[in-house]
Amino acid sequence: MDSGIALVGVFSLAVAYVTLRQRSSIQNIPGPPSPSWIFGNMLQLILPGEYGANEFAWLKAFGAVYRLKGCFGTACSFRIILRYSIFSIALSSHMDPLKKTGIDLIFAEKCVMAQQGDTHKRLRAALNPCFTGAAVRNFLPIFEKVAQAMTAKFEESSGSEVDVCPVFSEATLSTISEAALGYPMQDLNKDFVAYNERLLALAVNLSPGQILSDAISVRLPRWILKAAIHLPLTTFHIIRTAKALAKELGGKIIREKIDVARQGSVAETDVFDMLLDLGNPEKKKNALTLDEIVDQTGILLVGGQDTTSNTLAFGLLELARHPTFQDELRVEIHSAIGAASGTPVYDNMPLLNAFIKETLRVYPVGAFEERIATQDTVIPLAYEIQTTTGKIINQIPVSKGQVLHVAIASYQRLESHWGEDAHKFRPSRWLDGTVYQGQAIGPYANLLTFFGGPRACLGYANPEALQCYS
Ligand code: HEM
């Protein structure tokens with residue numbers, strides 16, 4: 001991408017790891033005081049009670065660029081306006097060491113999320129076609145079947161209080177299991193389902209101790225962490241078992257599919273079928289090996305489950321808070337179903353689409369993402385800022401090795417992009433021309449909820465992702 005591309009977005013970048021030797025210009029960027037040397041601003045950022053309480057106040061107080069302290073006084077963070085090309089190439093293609101370590105421990109070695117560079121590019125080239133609009137439309141009967149089962153569950157408990165989260169979580173696991181593996185959830189090994197749930201519970205169990213142990217573990221040599229995973233601790237037991245069960249499940253499914261194909265019946269209905277491509281004797285250029293396909297099992301199931309179910313839960317919460325909108329949406333859905341001879345055309349339902357976009361804007365499941373600068377680079381700012389020494393700058397030099405947080409939630413509350421009432425849930429902003437219409441920054445609706453660049457969410461039909469490599 002050339003450097004003439006317009007400045008298109010605002011990001012919050014939090015440098016979570018800077019060695020003491022690294023001198024960085026971000027030290028002079030204004031920001032809130034750090035209440036603790038051990039935690040820096042990280043407790044305020046990550047555990048404020050309601051997410052964003054401090055982050056959105058900092059956004060208001062310091063504007064688009066500010067500095068935060070990370071754990072042990074070494075880390076800084078700042079909020080910044082940058083070019084999409086810089087964002088996608090310099091930042092988004094490499095994960096920060098902490099996240100990479102976590103992914104390596106939790107998921108199989110060859111899974112797409114654990115890969116970097118050319119291997120990542122090759123895996124995405126093989127996986128992307130399984131998630132295009134056309135491919136996903138083939139899964140509609142699965143979505144509808146699961147939605148009907150879920151609705152029946154809610155209707156059964158009508159009149160009493162229902163915790164919707166486990167119902168959504170089961171529904172999304174059912175959907176992905178069938179769409180990705182061709183395996184209905186009831187056929188999944190019970191242990192697999194139970195450990196999958198325990199693994200997801202670990203991921204959301206944030207505490208000061210967890211934040212500290214993350215900050216320490218990122219500074220430890222990789223071999224220590226790889227050895228530590230074998231210690232007899234509950235957390236490590238859950239991770240080890242979930243990873244082994246996912247691998248076992250993937251292997252079993254692939255053996256079954258190969259056996260069925262040998263008997264002359266080849267299906268092309270789910271993601272694994274498409275990856276195996278057993279009906280095609282000539283292997284495609286980017287075809288994955290059997291081991292590589294097996295290693296996608298865990299990431300597909302975990303990556304798609306709670307992300308989707310939490311989004312659904314927040315959407316439902318907002319429908320409960322906005323009964324008039326809920327009624328209007330119901331009318332639109334009923335009339336689309338009534339008018340359609342088969343499946344309604346979802347793209348022709350403006351209220352439904354506005355509702356989905358607004359839910360994804362206000363409730364991005366990953367409030368911020370982390371990336372590492374793989375080379376010394378300079379982040380250009382769209383607006384000049386004044387440093388604490390009084391200097392006016394329009395770019396920030398970033399050293400190789402700095403870990404940066406992209407503050408998705410803050411970007412999606414920017415008044416300049418989403419209107420003066422950006423903190424409010426208001427689906428009509430998508431219909432009345434309020435929202436920013438400039439160059440798209442994420443793959444869907446200009447949102448960063450599915451991130452952007454080559455590592456944007458695989459689950460979002462995203463053929464553009466690979467273009468970001470060039
Ligand atoms: C509302 C639903 C979802 C949201 C908000 C979401 C969000 C995201 C985000 C922000 C990332 C980037 C993470 C990072 O690089 O640090 C990501 C990556 C990923 N997502 Fe999703 N996701 C959703 C659903 C799904 C589904 C349904 C699947 C698969 C069935 C999926 C599979 C993946 C995979 C495999 C990656 C890693 C891609 C790579 O590293 O190249 N996601 N997702």
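Please read all numbers here as calculations on a predicted model, not as lab measurements. Numbers for residues simply follow the sequence, beginning at 1. When a ligand or atom number is given, it counts from 1 through the structure's own listing order.
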Peer 1: Can you find a side-chain donor-acceptor pair between Q412 and T449 that sits under 3.5 Å?
Peer 2: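 Yes.
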Peer 1: State the atoms of ligand 1, each with its element, that fall below the 4.0 Å cut-off from a heavy-atom position in M113.
Peer 2: 13 (C), 14 (C), 37 (C), 40 (O)
Peer 1: Under 3.5 Å between any N/O of E369 and any N/O of ligand 1: does that happen in this structure?
Peer 2: yes
Peer 1: Looking at D118, I want to see if its CG is surrounded by more than 12 non-hydrogen atoms of other residues, nucleotides or ligands under 6.0 Å.
Peer 2: no
Peer 1: Looking only at non-hydrogen atoms, which of G315, G442, C457 approaches atom 21 (Fe) of ligand 1 most closely?
Peer 2: C457
Peer 1: For the residue pair H120 and V112, establish whether any side-chain heavy-atom pair is separated by less than 4.5 Å.
Peer 2: yes
Peer 1: Taking side-chain hydrogen bond (donor to acceptor under 3.5 Å, both in side chains) as the definition, give me every residue that meets it alongside Q44, ordered by chain and number, with sequence neighbours left out.
Peer 2: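 For Q44, the residues satisfying side-chain hydrogen bond (donor to acceptor under 3.5 Å, both in side chains) (neighbours in sequence not counted) are N41.
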Peer 1: When you measure from atom 4 (C) of ligand 1 to each heavy atom in F107, F451, F450, F139, which option holds the nearest one?
Peer 2: F450
Peer 1: Partners of E415 by side-chain hydrogen bond (donor to acceptor under 3.5 Å, both in side chains), sequence neighbours excluded?
Peer 2: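 Counting only residues at least two positions away or on another chain, E415 forms no side-chain hydrogen bond (donor to acceptor under 3.5 Å, both in side chains).
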Peer 1: Where do V136 and F143 land on the side-chain contact (heavy atoms from CB on, under 4.5 Å) test, with the steps shown first?
Peer 2: CA-CA 10 Å; V136 171; F143 301 158; 3.8 Å; yes
Peer 1: Heavy-atom pairs closer than 4.0 Å: do any link ligand 1 to the side chain of I299, the backbone, both, or neither?
Peer 2: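 It is the side chain that gets close, since no backbone atom is under 4.0 Å.
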Peer 1: With heavy atoms only and a cut-off of under 4.0 Å, state how V365 meets ligand 1: side chain, backbone, both or neither.
Peer 2: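 Looking at V365 and ligand 1, just side chain atoms fall under 4.0 Å.
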Peer 1: Suppose I only count heavy atoms of V112 and a 4.0 Å limit; which atoms of ligand 1 are within that range?
Peer 2: 35 (C), 41 (O)
Peer 1: Geometry only, no angles: is H120 polar-contacting ligand 1 at N/O separations under 3.5 Å?
Peer 2: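 Yes.
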Peer 1: Specify side chain, backbone, both or neither for T311, according to which of its non-hydrogen atoms lie closer than 4.0 Å to ligand 1.
Peer 2: side chain
Peer 1: I need the single residue from Y363, F355, Y51 that forms a ring pair (Phe, Tyr, Trp, His ring centres under 6.0 Å) with F314. Which is it?
Peer 2: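 Considering Y363, F355, Y51, a ring pair (Phe, Tyr, Trp, His ring centres under 6.0 Å) with F314 is found only for Y363.
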Peer 1: Looking only at distance, does R124 have an N or O less than 3.5 Å from an N or O of ligand 1?
Peer 2: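 There is such a contact, yes.
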Peer 1: Please test R413 against E55 for salt bridge (charged side-chain N to carboxylate O under 4.0 Å, His left out), starting from the C-alpha separation and ending with a verdict.
Peer 2: CA-CA 11 Å; R413 304 287 181 111; E55 187 183 338; over 6 Å; no
Peer 1: In terms of atom number and element, which parts of ligand 1 are under 4.0 angstrom from non-hydrogen atoms of T449?
Peer 2: 5 (C), 7 (C), 10 (C)
